[in-house]
S.K.: 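One structure, as structure tokens, below. Some questions next.
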Amino acid sequence: MAAESEVSFSELDGSGVRIGVLRTRWNDEHVSNLVDGIKAGCAECKVEPDNIFVKEVPGAYELPYAARLLAMSGTVDAIVCCGVLIKGETLHFEYISDAVSAGIMDVSLGTMTPVVYGVLNCLDEEQVMKRSSNLNGGHNHGEDWGKTAVEMALMRKEAFGKKVDGKPKELAAMGFNSVASEKEGADTKAPGFF
Ligand code: RBF
């Protein structure tokens, strides 16, 4: 029996969404399970299998660089960086772990492409298995990461994808600028971030 996910998602229509998955070869078996979970999560949100692009990197440290290149390609609506870091006897774990989490956030905000943090940081293999597989009461977190990518891709599309009088909208359609607010007749001139 699989454990329940700790996060809930509403119904998401990812039929027009393109997702990029960057995955490590380090801890290959676990990462492959997580990638299967990401694909399953995307499929639940109606993402076409052909709209999921997967590319390998050697280890987690390479994920932010690859994510920046992929974001700059402009071909995906969201990216999942997927890897597994297992604490060893040296300080590598701490350094790589910190650099990767900061690097991923940096790419996400710097390119305005949502980059999902799909990296497990575990003390041992047992902890990894509980989080990368639905077997033995575990939960494959990849499923949540796939859905997170779709949700954030749709948010980005709504914010930047809308056209006004045939021209791309200049401001993000968030907050009082959002489509939902306009429909409800809210004051779209309310002061916001911009
Ligand atoms: N990469 C991972 O994705 N997961 C790991 O658990 C991991 N452990 C490493 C431990 C050591 C001692 C070293 C030197 C590298 C490790 N890497 C790991 C690889 C790292 O992310 C990167 O690919 C290499 O350091 C090359 O930049």
Side-chain angles (χ1 to χ4, degrees), residues 2-3 5-7 9 17-45 47 49 51-153:
S5 170
E6 288 163 60
V7 59
F9 292 88
V17 162
R18 288 181 300 181
I19 302 292
V21 178
L22 298 167
R23 56 144 303 163
T24 64
R25 286 193 299 280
W26 264 79
N27 298 309
D28 188 28
E29 198 181 323
H30 300 306
V31 176
S32 294
N33 286 340
L34 288 165
V35 171
D36 288 346
I38 292 167
K39 288 179 178 170
C42 287
E44 263 192 65
C45 304
V47 177
N51 282 342
I52 303 176
F53 169 84
V54 183
K55 182 93 178 157
E56 285 181 3
V57 294
Y61 195 74
E62 283 68 49
L63 287 169
Y65 179 81
R68 185 172 285 274
L69 288 182
L70 185 52
M72 284 167 60
S73 78
T75 61
V76 294
D77 302 304
I79 296 170
V80 186
C81 282
C82 186
V84 170
L85 283 157
I86 303 176
K87 191 171 168 64
E89 288 174 358
T90 66
L91 290 173
H92 267 83
F93 178 83
E94 282 80 2
Y95 282 108
I96 295 174
S97 187
D98 280 358
V100 172
S101 61
I104 286 173
M105 181 59 83
D106 190 47
V107 174
S108 195
L109 298 178
T111 64
M112 292 310 289
T113 302
V115 185
V116 175
Y117 183 69
V119 181
L120 295 179
N121 297 262
C122 296
L123 299 178
D124 53 42
E125 297 259 342
E126 199 184 330
Q127 287 189 346
V128 180
M129 279 189 288
K130 272 201 167 163
R131 291 157 181 82
S132 60
S133 161
N134 288 332
L135 299 175
N136 304 317
H139 171 64
N140 188 332
H141 284 244
E143 293 167 16
D144 303 337
W145 300 336
K147 291 177 195 172
T148 301
V150 175
E151 182 171 338
M152 299 310 290

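In listed order, ligands and their atoms are each counted from 1. Quantities reported herein were computed from a predicted structural model and do not represent experimental measurements.
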S.K.: Hey, does Val116 have a side-chain heavy atom less than 4.5 Å from the side chain of Ile38?
M.R.: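 No, their side chains stay 4.5 Å or more apart.
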S.K.: State whether a side-chain donor-acceptor pair under 3.5 Å links His30 with Glu125.
M.R.: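 Distance-only check passes for His30 and Glu125.
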S.K.: Measure from every N or O atom of ligand 1 to the protein's N or O atoms and keep only the pairs below 3.5 Å, writing each with atom names and distance to 0.1 Å.
M.R.:
residue  : atom   : partner : partner atom : Å
ligand 1 : 3 (O)  : Ala60   : N            : 2.9
ligand 1 : 4 (N)  : Val84   : O            : 2.9
ligand 1 : 6 (O)  : Ile86   : N            : 3.2
ligand 1 : 21 (O) : Ala60   : N            : 3.2
ligand 1 : 21 (O) : Tyr61   : N            : 3.1
ligand 1 : 23 (O) : Gly59   : N            : 3.4
ligand 1 : 23 (O) : Glu62   : OE1          : 2.6
ligand 1 : 27 (O) : Glu62   : OE2          : 2.5

S.K.: For the pair Ser108 (side chain) and Met105 (backbone), establish whether a donor and an acceptor sit closer than 3.5 Å, ignoring hydrogens and angles.
M.R.: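 Flag not set: sc Ser108 to bb Met105 has no pair under 3.5 Å.
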S.K.: With Val84, which of Thr24, Leu34, Val119 fulfils side chain to side chain contact (heavy atoms under 4.5 Å, CB included)?
M.R.: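 Single side chain to side chain contact (heavy atoms under 4.5 Å, CB included) partner of Val84 among Thr24, Leu34, Val119: Leu34.
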S.K.: When you measure from the side chain of Asn121 to the backbone N and O of Leu85, does any donor-acceptor pair fall under 3.5 Å?
M.R.: no
S.K.: Please enumerate all residues that pass side-chain contact (heavy atoms from CB on, under 4.5 Å) together with Thr90, with sequence neighbours excluded.
M.R.: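 Applying side-chain contact (heavy atoms from CB on, under 4.5 Å) to Thr90 gives His92.
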